[in-house]
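Everything below concerns the one structure shown next.
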Amino acid sequence: MAVSSETIDREEGLNLQPKFDMHGLVTCVATDVATGDVLMVAHMNDEALRKTIASGEAWYFSRSRNTLWRKGETSGHIQRVVEMRVDCDQDAVWIKVEQHGAACHTGRHSCFYRAVAAGVGGTRLSLVDADRLFDPKAVYQK
């Protein structure tokens, strides 16, 4: 199977060439630079990626609201990007951040505050590291 020069350049080269999906997005995983904890998974379009690189703060694209947003613009809980990486074919981004406050819109440090376990009667979820750092109703008034 022949591999195109574009593929070789994207996978081995040193030029940023994000491979956006059919909706113009790449998946972004944000982890806490101090602990390594996964804080959240979100999406970036080209503008969010460029703004993140230029500003040093995390920007995302909301699929549900169909809009660009800067992490912390409402809550004040910004993510300062310490390091950004792309995966081998540049269709996913990993940012290591200094999280100021909570990462999750539910008020928790991480969006991953439930563990999944198989058990008698089926799969169950349990809360882990689920303490709220803020009341989302007080911050996100709809």
Side-chain angles (χ1 to χ4, degrees), residues 3-142:
V3 179
S4 73
S5 62
E6 178 183 335
T7 299
I8 292 170
D9 187 42
R10 178 174 275 135
E11 292 179 358
E12 302 294 335
L14 297 179
N15 292 320
L16 180 61
Q17 301 175 51
K19 188 175 174 183
F20 297 101
D21 69 12
M22 62 199 258
H23 304 289
L25 303 173
V26 294
T27 300
C28 179
V29 176
T31 61
D32 187 306
V33 70
T35 65
D37 291 345
V38 177
L39 298 174
M40 56 185 281
V41 175
H43 296 87
M44 292 181 169
N45 64 2
D46 182 62
E47 185 177 8
L49 185 60
R50 285 187 285 109
K51 285 183 175 254
T52 298
I53 293 167
S55 70
E57 291 184 358
W59 285 78
Y60 300 105
F61 186 84
S62 170
R63 295 179 301 172
S64 61
R65 293 175 294 164
N66 196 36
T67 189
L68 187 71
W69 59 284
R70 181 178 60 88
K71 180 65 180 156
E73 66 188 334
T74 303
S75 67
H77 300 161
I78 64 165
Q79 292 176 339
R80 189 182 75 75
V81 178
V82 175
E83 183 178 0
M84 177 183 284
R85 296 185 186 190
V86 294
D87 74 336
C88 54
D89 58 356
Q90 298 196 45
D91 66 353
V93 175
W94 172 22
I95 56 175
K96 297 179 184 184
V97 302
E98 286 179 352
Q99 177 65 54
H100 299 275
C104 186
H105 74 282
T106 66
R108 295 175 174 94
H109 175 67
S110 169
C111 295
F112 294 88
Y113 56 88
R114 293 176 288 184
V116 180
V120 177
T123 304
R124 306 279 301 169
L125 297 179
S126 62
L127 296 174
V128 291
D129 302 322
D131 294 340
R132 292 187 198 272
L133 302 179
F134 70 90
D135 177 3
K137 291 177 188 168
V139 173
Y140 305 113
Q141 298 178 12
K142 295 182 181 189

Nearest non-hydrogen partners of Q99 and I78, listed with the distance: NE2-O, 3.5 Å
Partners passing salt bridge (Lys or Arg N to Asp or Glu O under 4.0 Å) against R124 (at least two apart in sequence or in another chain): none
Separation between CZ of R10 and OG of S4, rounded to the nearest 0.5 Å: 8.5 Å
Neighbour count >12 (heavy atoms, 6.0 Å) for atom CD, E6: no
Flag side-chain contact, heavy atom, 4.5 Å: D32 against H109: yes
Audit row: V33, R80, side-chain contact (heavy atoms from CB on, under 4.5 Å) steps and yes/no: CA-CA 10 Å; V33 70; R80 189 182 75 75; over 6 Å; no
Over all atoms of both residues, closest heavy-atom pair of D129 and Y113: O-CB, 4.0 Å
Close side-chain approach of D135 and V139, heavy atoms under 4.5 Å: no
Least distance between heavy atoms, Y60 atom then A30 atom: OH-CB, 3.7 Å
Heavy-atom check, side chain of R70 versus side chain of K51, under 4.5 Å: no
Heavy-atom closest contact (A103 atom, C111 atom, distance): O-SG, 4.4 Å
Heavy-atom side-chain contact between D21 and D91 under 4.5 Å: no
Pairwise side-chain contact, F112 with V128, heavy-atom cut-off 4.5 Å (strictly under): no
Approximate separation, where rounding is to 0.5 Å, of N45 CG and R63 CZ: 12.5 Å
Distance-minimising heavy-atom pair for L68 and F61: N-CD1, 3.9 Å
Student check: side-chain heavy atoms of V116 and L125 closer than 4.5 Å: yes
side-chain contact (heavy atoms from CB on, under 4.5 Å) between Q79 and M40, intermediate numbers included: CA-CA 11 Å; Q79 292 176 339; M40 56 185 281; 3.3 Å; yes
Where M44 and F20 come nearest, the two heavy atoms and their spacing: O-CE2, 4.0 Å
Side-chain donor/acceptor of T31 to backbone N/O of K96, under 3.5 Å: no
Check: R132 and F134 side chains under 4.5 Å, non-hydrogen atoms: no
Within-4.5 Å side-chain heavy-atom neighbours: K19 and V26: no
